[in-house]
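Below is one structure, written out as structure tokens; the observations come after it.
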Protein chains: 2
Amino acid sequence: MPQSKREHLIDAALTLFNGYGYNATGIDRILAEAGTAKMTLYKHFKSKDDLILAALRRRDEEFRLRLSRAVESMADTPRGRLLALFDAHADWFDKENFRGCMFINAVAEFANLSEPIQAMAAENKRLIRAYISELAAEAGANDPDALAVELGLLLNGAIVSAQIDRSPESAGQARNAAAVLVEAALGG
Amino acid sequence: MPQSKREHLIDAALTLFNGYGYNATGIDRILAEAGTAKMTLYKHFKSKDDLILAALRRRDEEFRLRLSRAVESMADTPRGRLLALFDAHADWFDKENFRGCMFINAVAEFANLSEPIQAMAAENKRLIRAYISELAAEAGANDPDALAVELGLLLNGAIVSAQIDRSPESAGQARNAAAVLVEAALGG
DNA sequence: TAATATATAGAACGATCTGTCCATATCAAT
DNA sequence: ATTGATATGGACAGATCGTTCTATATATTA
């Protein structure tokens, strides 16, 4: 299983990075969780930073896929999907292993070092905004990007509030604000 | 100068924690910046975590004081002050040493450890919301707390966007959204 | 069966970090 | 002038971390 070992390492890394942070999670802990040897890790990744980057890459793909699937399953109309974004986040906040956004946390930890990690985080946020912009365009917004930026701000604000205040209800509060913004952008 | 040494240590710690993060900033670096000896630090604080906590306490006081002063100097009407919150944040984002919110970053780094730090961050966000709620009440909102929560979400969203995307303009975008919410809450 | 690639466990290394200890120096107050 | 509190600089211990290395085992393929 040549590919599988690599995936197991990324799996374990994602779980631990999410639960305890990047610096606080040691290599040995990842190896124990993945059930692999140290040399195997360094065969697949040239450093811990490289593993972090690979993990964030997978996180980005999975997160956006899960988000879009949840949104589509929750609402039929384009306008409804814009608000379903917040319901999907509410479900996320309610999970017991919720520890905030892994990209926000990564940028916080690697303050000015590690440009690739910063770039990966910015890319994730950019792609999510692009997805929201698509939804806004389908809903008939005449400036989809502007609405997407504003809803993105509310989503990120809800994430950090849920994390800091341990208040999953921030998703609903953000949804209330989003409803007003959507109403204003699309007309009653 | 018995009090001053302590203050110098907190000053240096704040600067370095903001610039490089909490874990990445070693004790020795703080000592060099503050120009004090190691034993002096451990006379005033019983551990690095204790110093972090003291620094965050000072940050909380100074930040809220600066914010309220900036808001009051920027607008005369209560309604104008609600929007001036975002202008004050715009000035902050433009500073070259802007590295995001120190409380958001602290919670990101100390994922589940260090309850006192988590509590300090939650307290800071709570006090800011309380201040916004005061402004909203003065502006005549009939549910000031609800409006304060929503504007707080936009502020936090703007902070992390400015940090991740290195886009100070997120303050203006949040302000646009806030204007719509304020309009809806206070009536045209 | 033999050969090749890959995984294993864990020792070892160098670097870094927090926190303690010590002997010396400074300075204000009696 | 002497005392007592406080600061200094640096050595030190103890722990942890990322990374490299060695030697052994396993499994696939020719």
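Values below: all heavy atoms of this structure, side chains included; hydrogens, waters and symmetry mates excluded. Throughout, protein chains are lettered first and strands after them, A, B, ... in sequence-line order, and every chain is numbered starting at 1.
We find that OH of B:Y20 is positioned 14 Å from P of C:dC17, with the value rounded to whole Å. Rounded to whole Å, the distance from CD1 on A:I30 to P on D:dC17 is 11 Å.
Taking only side-chain nitrogens and oxygens, B:T40 never comes nearer than 4.0 Å to OP1 or OP2 of D:dT6. The phosphate of D:dT8 (OP1 or OP2) has a side-chain N or O of B:K5 nearer than 4.0 angstrom. Distances shorter than 4.0 Å separate none of the side-chain N or O atoms of B:K38 from OP1 or OP2 on D:dA7.
Considering only side-chain atoms of B:I27, the nucleotide from D:dT8, C:dT18, C:dT8 that sits closest is C:dT18. Ranking C:dT20, D:dT20, C:dA7 by closeness to the A:Y42 side chain, first place goes to D:dT20.
Under the 3.5 Å distance criterion, the side-chain polar atoms of A:D60 are left unmatched by any main-chain donor or acceptor of A:M120.
Of the charged side-chain nitrogens involved, none lies within less than 4.0 Å of a carboxylate oxygen, so that B:D165 and A:R126 do not count as a salt-bridged pair. Electrostatic pairing of A:R175 and A:E169 does not count as a salt bridge here, judged by no charged N lying under 4.0 Å from a carboxylate O. A salt bridge links B:R58 with B:D11; the closest basic N to acidic carboxylate O contact falls under 4.0 Å.
Positionally, the nearest nucleotide of DNA chain D for A:N23 lies more toward the 5' end than for the other of A:N23 and A:M39. Comparing B:A37 and A:K46 by the nucleotide of DNA chain D that holds the closest heavy atom to each, the one mapping nearer the 5' end is B:A37.
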